[in-house]
Structure formats: C-alpha cells, structure tokens
Amino acid sequence: MAKFALGDVVNSDKGRRGVVRAVYMSREGRQCYAVEKEGAMDFLEEEKLTAAPRVELAA
C-alpha cells in the first residue's frame, strides 16, 4: 500500500518540496512516485520521500 496519495506534498531526500502526481510499482516491486517540482517531474522511490509539514495559514 502506498505511503503517500495523489496530491500529497512531500520532501525529497535532497530537501526539495514537490507534489505527488502518480504512484506506481517498479520492476523490482518497489513503491515509486512521480513528484512534480517547479514544473518538472522527478521519479523517486518511497524511501527517498518524507511528508512535508502542514503549514497553517493565519486568518
């Protein structure tokens, strides 16, 4: 089962923030994600991602 869902904001192991756009299994059977960062797509394994902290906006 996928740790992240479509639309979740995640941080990569390099500290860059992006949005999950696709979830798929690699040929080796590992969970992978297509993450959009500044208009470009990165394809990363689940181990390289962490959930981004939610930011509360002041009213």
* V19 vs D8, side-chain contact (heavy atoms from CB on, under 4.5 Å): CA-CA, chis, key distance, verdict -> CA-CA 6 Å; V19 178; D8 284 353; over 6 Å; no
* Asked: Do you know which two heavy atoms are closest between K3 and L49, and how far apart they sit?
  -> NZ-O, 4.3 Å
* Asked: Where do K37 and G18 come nearest, in terms of heavy atoms and distance?
  -> CG-CA, 3.8 Å
* To do: Please name the pair of heavy atoms, one in N11 and one in A51, separated by the smallest distance, quoted to 0.1 Å.
  => ND2-O, 4.3 Å
* Asked: Is there a side-chain contact between R16 and E38 (heavy atoms, below 4.5 Å)?
  -> yes
* Asked: How far apart are the C-alpha atoms of T50 and V10, what are their side-chain angles, what is the distance that settles it, and do they pass the side-chain contact (heavy atoms from CB on, under 4.5 Å) test?
  -> CA-CA 6 Å; T50 57; V10 294; over 6 Å; no
* Asked: When rounded to the nearest 0.5 angstrom, what is the spacing between CE in M41 and CD in E36?
  -> 6.0 Å
* Taking side chain as C-beta onward, heavy atoms only, is L44 less than 4.5 Å from C32? -> no
* Asked: Do the side chains of R17 and P53 get nearer than 4.5 Å, heavy atoms only?
  -> yes
* **Shortest non-hydrogen separation from A2 to V23 and the atoms involved** => CB-CG1, 3.8 Å
* Asked: In terms of hydrophobic clusters joined by side-chain contacts under 4.5 Å, are F4 and V9 together?
  -> no
* **Side chain Y33, main chain F43, donor-acceptor under 3.5 Å** => no
* With the threshold set at 4.0 Å, does a side-chain nitrogen-carboxylate oxygen contact exist between E45 and R30? -> no
